Number of protein chains: 2
Amino acid sequence: MKRAPSLTQHDVTVLAETFRLLGDPTRLRILLFCLPGPRSVGEIVENLELSQTLVSHHLRLLRGARLVRGERRSKQVFYEVADSHVSDMLIDMAFHIHEDHADD
Amino acid sequence: MKRAPSLTQHDVTVLAETFRLLGDPTRLRILLFCLPGPRSVGEIVENLELSQTLVSHHLRLLRGARLVRGERRSKQVFYEVADSHVSDMLIDMAFHIHEDHADD
DNA sequence: AAAACATATGAACACTTATTCATGTGTTCA
DNA sequence: TGAACACATGAATAAGTGTTCATATGTTTT
């Protein structure tokens, strides 16, 4: 029987904010696409078939929450998931959903 | 180096919807409060200092997504986290946030 | 320097959503 | 049966948010 650690008010706020950002399908797709490794904005745009401005806007939010990091390499900017904490979180959640076939 | 399972379009949608619901601080507090065991609506209202109608509205959304289950015992209705999948998810996330003190 | 390329930003709009107020439903007790 | 208790629901509103359009910034190439 696992138990959760007691969270401070601040912890809960941060946690909710993180969830909120993951709660948009477009942002989630962007994050999942960047999970295997750094992706340029252009790659994201082409692969996910989204407008460039939309991707930029979402990346800004994800950056603001330190969920992704962007690094410039000449003309392009490559984004990757910020740290192993975030990627572990995402992978765990992905497994949870994947295993859970108690569909509607 | 862990890898995420490949998710279907439907998986991503469900995952995003779940995150979206967890993304509201009030709902997240309610869920976390119900994590240790079944709580009556009244208990939630008192402990989290929220209005009764607000709690009911949020519980309805959480119920709709099968994140909580409600059981009536005479006058009161007790809510608990739906299954171990959800609670594991929450506990994992709680640990992730808790351990992550790379604050802003 | 200018043009071309890659990405970012700001304003505007449509749409969603959290909260409140008023009221409804179900259950127990007098 | 009626009153009291516990919870749910519907409408209304204020605030937030995703997307698009137009435009700006930064980098390379000619």
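In what follows, chains are A, B, ... by sequence order, proteins preceding strands, each numbered from 1. Values in this document were obtained by computation on a predicted structure and should not be read as measured data.
- Taking a cutoff of 4.0 Å between a charged side-chain nitrogen and a carboxylate oxygen, A/E80 and A/R69 qualify as a salt bridge.
- Near DNA chain C, meaning a heavy atom under 4.0 Å away, the residues from residues 23-43 of chain A are A/S40, A/V41, A/G42.
- Of the candidates D/dG18, C/dT9, D/dA6, C/dT9 carries the atom nearest the A/R60 side chain, counting heavy atoms from C-beta on.
- Residue A/Q52 places no side-chain atom within donor-acceptor reach of the base of C/dA6, judged by atom type and a 3.5 Å distance cut-off alone.
- Smallest separation of non-hydrogen atoms from B/R27 and B/L21: NE-O, 2.7 Å.
- Straight-line distance from the CZ atom of B/R20 to the P atom of D/dG18: 11 Å, rounded to whole Å.
- With hydrogens and angles disregarded, a donor-acceptor distance shorter than 3.5 Å links the side chain of A/E43 to the backbone of A/S40.
- One interatomic measurement links the two molecules: CD of B/E49 to P of C/dT19, which rounds to 15 Å at whole-angstrom precision.
- An OP1 or OP2 oxygen of C/dT9 is reached within less than 4.0 angstrom by a side-chain nitrogen or oxygen of A/R63.
- Not one N or O on the side chain of A/D88 forms a donor-acceptor pair closer than 3.5 Å with the backbone of A/I91.
- Summarising the geometry, atom CZ belonging to A/R29 is positioned 5.5 Å from atom CG belonging to A/L50; distances are rounded to the nearest 0.5 Å.
- We find that CD of B/E17 is positioned 14 Å from P of D/dG18, with the value rounded to whole Å.
- Under the 3.5 Å distance criterion, the side-chain polar atoms of A/R72 are matched with a main-chain donor or acceptor of A/K75.
- Remark: A/Y79 is not in phosphate contact with C/dA6, judged by side-chain N or O atoms under 4.0 Å from OP1 or OP2.
- For the pair A/Q76 CD and C/dC5 P, the interatomic distance rounds to 13 Å; values are reported in whole Å.
- Distance, B/L62 CG to D/dT9 P: 13 Å, rounded to whole Å.
- Across the protein-nucleic acid pair, B/F19 atom CZ and D/dG18 atom P stand 15 Å apart, rounded to whole Å.
- Note on B/F78: nothing from the nucleic acid sits closer than 4.0 angstrom, heavy atoms only.
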In B/S/- notation, 5' to 3', how is nucleotides 25-30 of chain D contacted by protein heavy atoms closer than 4.0 Å? --BS--
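- A/T26 pairs by the side chain to side chain donor-acceptor pair (under 3.5 Å) definition with nothing, not counting sequence neighbours.
- At D/dC7, none of the side-chain N or O atoms of B/S56 fall inside 4.0 Å of OP1 or OP2 (strictly under the cut-off).
- When every heavy atom of A/A16 is checked against every heavy atom of B/D24, the shortest pair comes out as CB-C, 4.3 Å.
- B/H57 comes within 4.0 angstrom of a nucleotide base, judged by non-hydrogen atoms across all strands.
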Do A/S56 and A/Q52 pass the side chain to side chain donor-acceptor pair (under 3.5 Å) test, and can you show the C-alpha distance, the side-chain angles, and the key distance before you say yes or no? CA-CA 6 Å; A/S56 267; A/Q52 182 264 314; 3.2 Å; yes
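- A 3.5 Å limit on both hydrogen-bonding distances identifies C/dT23 as the Watson-Crick or G-U partner of D/dA8.
- A cation-pi contact, defined as under 6.0 Å to the ring centre and within 45° of the axis, links A/R73 to A/F78.
- With rounding to whole Å, A/L22 atom CG is found 16 Å from D/dT17 atom C1'.
- Distance B/L54 CG to D/dA12 C1': 15 Å, rounded to the nearest Å.
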